[in-house]
Amino acid sequence: DTEVTQTPKHLVMGMTNKKSLKCEQHMGHRAMYWYKQKAKKPPELMFVYSYEKLSINESVPSRFSPECPNSSLLNLHLHALQPEDSALYLCASSQFPEGQASRNTIYFGEGSWLTVV
Amino acid sequence: EDKVVQSPLSLVVHEGDTVTLNCSYEVTNFRSLLWYKQEKKAPTFLFMLTSSGIEKKSGRLSSILDKKELFSILNITATQTGDSAIYLCAVALHGSSNTGKLIFGQGTTLQVKP
């Protein structure tokens with residue numbers, strides 16, 4: 001089972017709203033990631049959590065706030081977003097943050113399509 | 001600056017054709033190269049390559065890495081309409097400061113016509 005589950009699949013929010021994206025994996029992976037993907041562009045890394053601690057923040061604006069409540073869950077809290085933040089938000093996980101490449105494939109969830117109006 | 005370049009950017013073939021997708025990279029601290037297939041949702045993992053010259057195969061798909069010339073190819077034989085997708089190449093980097101970073105190429109959009 002290589003499943004990363006994301007909810008909701010689609011979200012429309014206003015610029016003053018507060019919402020959250022959720023991600024869950026039960027593979028025992030210790031690294032979890034948020035990526036953002038705009039249309040016809042490759043995914044761009046936003047955040048990395050390693051053993052439930054934030055290890056990388058790719059200079060993401062503070063209107064995006066990640067949270068890792070436990071080793072299986074990863075949230076992305078959204079507040080005061082802009083229309084240009086509309087994108088596909090992908091959660092991913094891997095067994096280890098580092099380590100042997102042969103065991104460290106990154107698996108993606110199906111994504112949450114976010115539209116900011 | 002680390003970069004991954006894929007070619008061609010788009011490709012239209014007919015069912016039964018064989019296609020070769022290219023991925024070249026220039027990165028520091030190379031760890032592995034990954035191929036993903038993306039349809040209308042999230043990328044799905046195809047292959048991870050770490051060693052030169054060793055072909056990885058899954059059904060009609062195969063891939064190989066050349067670490068000397070810094071490129072990889074993804075071959076699809078006897079293409080089917082279900083192979084239509086964007087194929088993403090990504091390079092994973094070594095080092096604690098690079099944890100979890102995948103440098104993606106632009107993707108190759110493959111359309112297989114009946």
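Chain letters run A, B, ... following the sequence lines, proteins first, then strands; residues in each count from 1.
B:Lys67 NZ: more than 12 foreign heavy atoms inside a 6.0 Å radius. Annotation: A:Glu24, atom CD; neighbour count of heavy atoms from other residues, nucleotides and ligands within 6.0 Å is above 12. Under a cut-off of 6.0 angstrom, the local environment of NZ in A:Lys38 is crowded, with over 12 non-hydrogen atoms contributed by other residues, nucleotides or ligands. Within 6.0 Å of the CD atom in B:Glu26, the count of heavy atoms belonging to other residues, nucleotides or ligands does not exceed 12.
A ring-centre distance under 6.0 Å is found for A:Phe108 and B:Tyr36.
Comparing B:Ala92, B:Gly105, B:Gly107 by heavy-atom pairs within less than 4.5 Å of chain A, the highest count is held by B:Gly105.
Interatomic distance, CG of A:Leu45 versus CD1 of B:Ile103, reported as 8.5 Å (0.5 Å rounding). Annotation: the span from B:Thr109 atom OG1 to A:Lys40 atom NZ amounts to 7.5 Å, rounded to 0.5 Å. In this structure, CD1 on A:Ile106 lies 4.0 Å from CG on B:Leu102, to the nearest 0.5 angstrom. Interatomic distance, NZ of A:Lys41 versus CZ of B:Phe104, reported as 14.5 Å (0.5 Å rounding).
Only the side chain of A:Gln37 comes within less than 4.5 Å of a heavy atom in chain B; its backbone stays farther off.
B:Ala42 and A:Gly111 make their closest contact through CB-N, 4.3 Å (heavy atoms, listed as atom of the first residue, atom of the second, distance).
Taken together through direct or relayed side-chain contacts under 4.5 Å among Ile, Leu, Val, Met, Phe, Trp and Tyr, B:Val4 and B:Phe71 form parts of separate hydrophobic clusters. Placement of A:Leu74 and A:Leu54 within a single hydrophobic cluster is found when ILVMFWY residues are connected by side-chain heavy-atom separations under 4.5 Å, directly or transitively. Under the 4.5 Å side-chain heavy-atom criterion for grouping Ile, Leu, Val, Met, Phe, Trp and Tyr, B:Leu61 is not connected to B:Ile64 through any hydrophobic cluster.
When side chains are defined from C-beta on, A:Glu110 does not count as touching B:Thr44, because their heavy atoms never get closer than 4.5 Å.
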